[in-house]
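Down below is the structure, laid out as structure tokens.
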Amino acid sequence: MRAAVIVFPGSNCDRDVAVCLEAAGAQVDMVWHGDTELPSCDLMVLPGGFSYGDYLRCGSMAANSPIMREVVARAGTGTAVLGICNGFQVLTECGLLPGVLMQNRNLNFVCRNTRLKVARTDTPFTHLYAEAEEIIIPVAHNEGNYFADDETLKRLQGENCIAFTYAAGDNPNGACLDIAGITDASGRVLGMMPHPERRAEAALGGEDGRRLFASAMERLA
Amino acid sequence: MSAPHVNDTPITPELVAEHGLTPDEYEMIVAHMGRAPNFTELGVFSVMWSEHCSYKSSRKWLKKLPVDGPQVIQGPGENAGVIDIGDGDAAIFKMESHNHPSFIEPYQGAATGVGGIMRDVFTMGARPVANLNALRFGQPDHKKTCHLVAGVVSGIGGYGNCIGVPTVGGEVNFDASYNGNILVNAMCVGLARTDKIFYAAATGVGSPVVYVGSKTGRDGIHGATMASAEFDDASDEKRPTVQVGDPFTEKLLLEACQELMSSDAIIGIQDMGAAGLTSSSVEMADKGNVGIRLDLDKVPCRETHMSGYEMLLSESQERMLMVLQPGREDEAAEIFHRWGLDFAVVGELTDTNRMVVVHEGEIIADMPLKPLADGAPEYDRPHTATPALPALDAQALTHPLDLGESLLRLMGGSEMASRRWIWEQYDSMVMGDTLVGPGGDAALVRVHGTNKALALTTDVTPRYCLADPVMGGQQAVAEAYRNISATGATPLAITNCLNFGNPERPEIMGQFVGCLDGMGAACRALDFPVVSGNVSLYNETNGRGIMPTPAIGGVGVLDDLTKAVGSAFANAGMSVYVIGETHGALGCSLYARDVLAIDTPAAPPPVDLERERAHGDFVRAQIGAGHISCAHDVSDGGLLCALAEMCLPQKIGCAVEISGDHGFWFGEDQGRYLVAIAPDARAAFEKAAAEAHVHIAQIGLTGGAELTITDAMTISLDEIAKAHENWFPKLMGF
């Protein structure tokens with residue numbers, strides 16, 4: 001699998017996700033946001049961080065970076081996209097995924113492990129998880145409170161686009177329907193607030209995140 | 001008619017005093033200059049000779065601290081200290097205060113404190129890998145406390161989270177002495193290769209002096225002078241001297257500097273911190289024994305009509321000064337421009353040993369460098385030792401609460417309650433190498449791509465330092481040593497941040513001298529030298545000083561991270577031992593303060609440095625041998641609170657089979673650890689202790705969901721957890 005990790009000014013989980021992708025066996029290209037051409041790849045990754053310092057609105061300026069035109073175009077032809085945390089915010093800002101990520105309900109940044117329920121397993125990112133399996137993945141964000149209008153939420157449910165939810169009682173930000181991550185209808189575009197790359201080896205406390213990269217490696221290679 | 005020039009301002013005794021200079025100091029400046037300084041020159045001298053930049057009250061005593069060791073690559077005097085952690089890797093670290101700005105404007109004060117200390121570390125070629133902090137606030141119910149806690153925590157998180165460096169540890173105390181003077185001490189630790197370390201010294205006459213980073217504005221002018229004065233009720237008016245941070249720009253600056261540092265274009269580099277362009281250019285030129293000429297018309301500014309005086313003294317953040325190899329300017333400019341940062345050649349090195357500043361075509365300052373850099377007077381201020389206090393008379397005490405009630409009061413009180421409310425607002429995991437984050441003894445951060453880890457901690461117990469500065473100084477170093485040893489790591493070196501009141505008062509100066517004496521003795525006894533540090537004096541409001549607070553930042557290394565142990569019980573059926581003798585020292589204990597409500601001061605627990613070292617060596621050896629499955633330092637709250645702290649994280653209880661009085665369970669005798677030992681390792685552990693002449697005592701067995709002491713106490717972990725976890729959210733209103 002070839003993966004392109006897009007580096008925006010202010011991205012800070014770009015190295016972390018590249019480490020996990022390489023550990024899974026992928027060949028990784030780091031692509032500068034100002035570039036206009038993407039190398040040929042099977043997966044595009046929008047990493048976590050504070051692109052453009054979160055100024056204006058999280059992800060909004062990154063969504064207008066030159067490389068994003070190419071990312072959106074490739075996604076349209078079926079190349080898989082993974083957006084983590086700030087990357088999820090960019091995906092909603094550029095329209096590849098619906099809804100918005102508002103400030104956390106308690107108005108504070110939150111960094112801790114969360115229990116997640118895997119809600120969709122027929123995607124290239126989640127097929128190695130069991131349906132309804134509970135896993136632990138950490139969050140670290142100030143704007144992770146997923147919101148969409150009722151019609152959109154119904155559509156997400158109807159099209160089986162909710163990939164991960166926070167387990168009962170463990171919603172850290174007030175997100176609608178406890179949503180932690182969603183996909184497009186095809187399942188090939190995944191945006192999620194939790195950071196699978198932070199729990200992908202035993203030394204860091206657990207390996208639940210590793211299977212996401214292993215899934216992609218199996219299906220997208 | 002042209003506008004009047006700032007240098008037309010006449011130099012009056014009042015103006016000299018406003019610049020924080022004494023008449024004698026002014027006369028020394030005139031002697032060094034060979035003439036009266038003009039307004040700009042007076043400003044430059046005043047910041048370079050401020051307490052903050054010149055250490056004029058503290059230098060005499062700082063020189064007595066041990067700064068050498070085979071592990072030391074760079075001791076105090078550079079932007080940060082550097083130690084060798086083996087395999088060609090170096091750890092670069094420092095701690096610094098941002099107390100005064102944080103009290104006036106908590107969010108920006110704390111944020112720029114974090115930004116400043118990170119620049120000190122990455123200036124030296126390191127990539128910052130961990131941030132820690134040491135925070136002190138006023139009484140929990142003081143009207144400003146919640147506002148200050150919320151602002152400081154949010155500022156620390158706002159900066160560190162954005163730049164993407166994990167905040168992995170810290171400590172927090174509350175005391176009335178900090179009501180008008182909170183302490184915000186930030187520590188940063190970075191990693192570099194030992195052969196790729198960058199220093200400040202500028203060499204090569206004619207080499208270009210380059211300004212990179214953000215533009216210069218009027219913020220923070222005279223911040224260094226403000227940090228060298230007492231507060232009064234009008235301090236809020238100083239809000240405009242607090243700088244404003246932009247972590248996004250700092251992230252770009254970090255990446256651009258790292259990129260340029262991978263070449264050999266840089267001769268010297270210095271962060272523009274306190275006293276901005278002035279101190280960075282003076283320090284670089286002085287260390288290289290050259291002169292410097294600056295052309296202020298080339299300095300990128302974000303405000304118009306700034307005078308040379310303002311540009312020289314601005315403390316705008318996220319700026320660096322570099323001296324480049326001649327001819328490498330274009331290559332360097334390309335990197336900084338690509339990262340969207342300003343890059344300007346603003347001067348050159350000369351052979352004059354003078355600092356010459358040109359603005360709008362005329363020379364506005366022309367000063368000899370040596371007196372600026374190290375000509376500030378060194379004061380031997382009068383100091384009176386803190387009188388020795390009697391030991392607390394344990395016989396005379398009556399205990400108002402039983403053991404369980406006392407435990408709940410301490411675990412749910414301001415000093416010991418869980419700090420989760422704080423550390424969940426810090427990104428403690430970014431960079432993917434945090435093995436142990438906040439909440440344990442020392443944090444463990446893997447050296448990226450290796451099997452090694454750094455052990456990091458911040459420690460000091462101000463109430464001990466107040467009662468007995470020498471003992472308190474020793475204890476702060478010893479506790480850092482213990483916290484690192486409890487993970488299995490070898491303690492290597494410390495940084496410090498010495499927060500005290502007004503040094504012009506002999507009793508405060510006596511606290512300073514005493515604490516440094518104690519620290520020095522402990523550092524020597526434990527082979528734990530000081531490689532960097534910072535002094536913050538004048539922490540007083542309306543004549544009331546803070547408790548002496550010499551915060552220690554300790555760094556150790558674990559060569560094989562798979563050998564690390566945690567501080568919490570992980571399994572039932574383990575034998576729990578206490579290492580070190582328990583005499584029941586209640587003087588200065590939290591129990592005496594919060595349960596007995598004793599307000600007559602008493603002697604703190606004594607530190608026996610020889611035993612401290614023996615116990616540390618023993619614990620590390622036993623962890624290395626695989627005999628210890630978890631280890632925890634015994635400090636605030638004594639044995640029973642330490643036991644509770646080991647039970648709570650994984651909800652594994654403990655049944656204690658020995659009996660003791662309140663002093664036994666809550667005394668804060670030093671040099672102790674609690675460890676859990678698997679059944680099959682007990683014999684080897686006990687034999688090793690006997691051979692090493694280390695006192696150990698088995699006190700109980702892990703298991704269950706309660707903490708029990710036979711015939712004396714049974715308390716569910718849920719009840720302790722409730723008290724422990726609820727205090728902070730309740731204080732902060734959610």
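Lettering follows sequence order; numbering is per chain, from 1. Basis for what follows: all heavy atoms, side chains included, without hydrogens, waters or symmetry-related copies.
- Put simply, of B/Thr249, B/Asp433, B/Asp246, B/Val165, the one with the most heavy-atom pairs under 4.5 Å next to chain A is B/Asp246.
- Heavy-atom contacts from other residues, nucleotides or ligands closer than 6.0 Å to NZ of B/Lys452 number more than 12.
- Contact detail for B/Asn161 and A/Phe50: the closest heavy-atom pair is O-CE1, 3.1 Å.
- Across every non-hydrogen atom of B/Leu252 and A/Gly10, the tightest pair is CD2-N, 4.2 Å.
- The heavy-atom pair separating B/Met431 from A/Asp16 by the smallest distance is N-OD2, 2.8 Å.
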Practice item. Could you check B/Met429 against A/His195 for side chain to side chain contact (heavy atoms under 4.5 Å, CB included), going step by step and ending with a plain yes or no? Key: CA-CA 10 Å; B/Met429 309 173 186; A/His195 286 269; over 6 Å; no
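- Note on A/Trp32, A/Phe109, A/Tyr52: by heavy-atom pairs under 4.5 Å with chain B, the leading option is A/Phe109.
- Minimum heavy-atom separation, A/Gly53 to B/Cys162: CA-SG, 4.4 Å.
- The candidate from A/Arg112, A/Glu201, A/Arg198 with the greatest count of non-hydrogen atom pairs under 4.5 Å with chain B is A/Arg198.
- When every heavy atom of A/Cys111 is checked against every heavy atom of B/Ser428, the shortest pair comes out as SG-N, 3.5 Å.
- Contact between B/Leu435 and A/Ala203 at its shortest, heavy atoms only, is CD2-O, 3.4 Å.
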Practice item. Show your working on side chain to side chain contact (heavy atoms under 4.5 Å, CB included) between B/Asp427 and A/His141 and close with a plain yes or no. Key: CA-CA 8 Å; B/Asp427 189 335; A/His141 58 247; over 6 Å; no
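- The number of heavy-atom neighbours closer than 6.0 Å to CZ of A/Arg105, taken from other residues, nucleotides and ligands shown, is 12 or below.
- With a 4.5 Å cut-off on non-hydrogen atoms, A/Asn113 touches chain B through its backbone and its side chain both.
- Of the two parts of A/Asn12, the backbone and the side chain both hold a non-hydrogen atom closer than 4.5 Å to a non-hydrogen atom of chain B.
- Inter-residue side-chain proximity for A/Cys13 and B/Val430 is flagged as met; some heavy-atom pair is nearer than 4.5 Å.
- The aromatic rings of A/Tyr55 and B/Phe248 lie perpendicular to each other, with more than 60° between the two planes, well past the 30° mark.
- Looking at B/Arg420, neither its backbone nor its side chain comes within 4.5 Å of chain A, counting heavy atoms on both sides.
- Within 6.0 Å of NZ on B/Lys196 lie more than 12 heavy atoms contributed by other residues, nucleotides or ligands.
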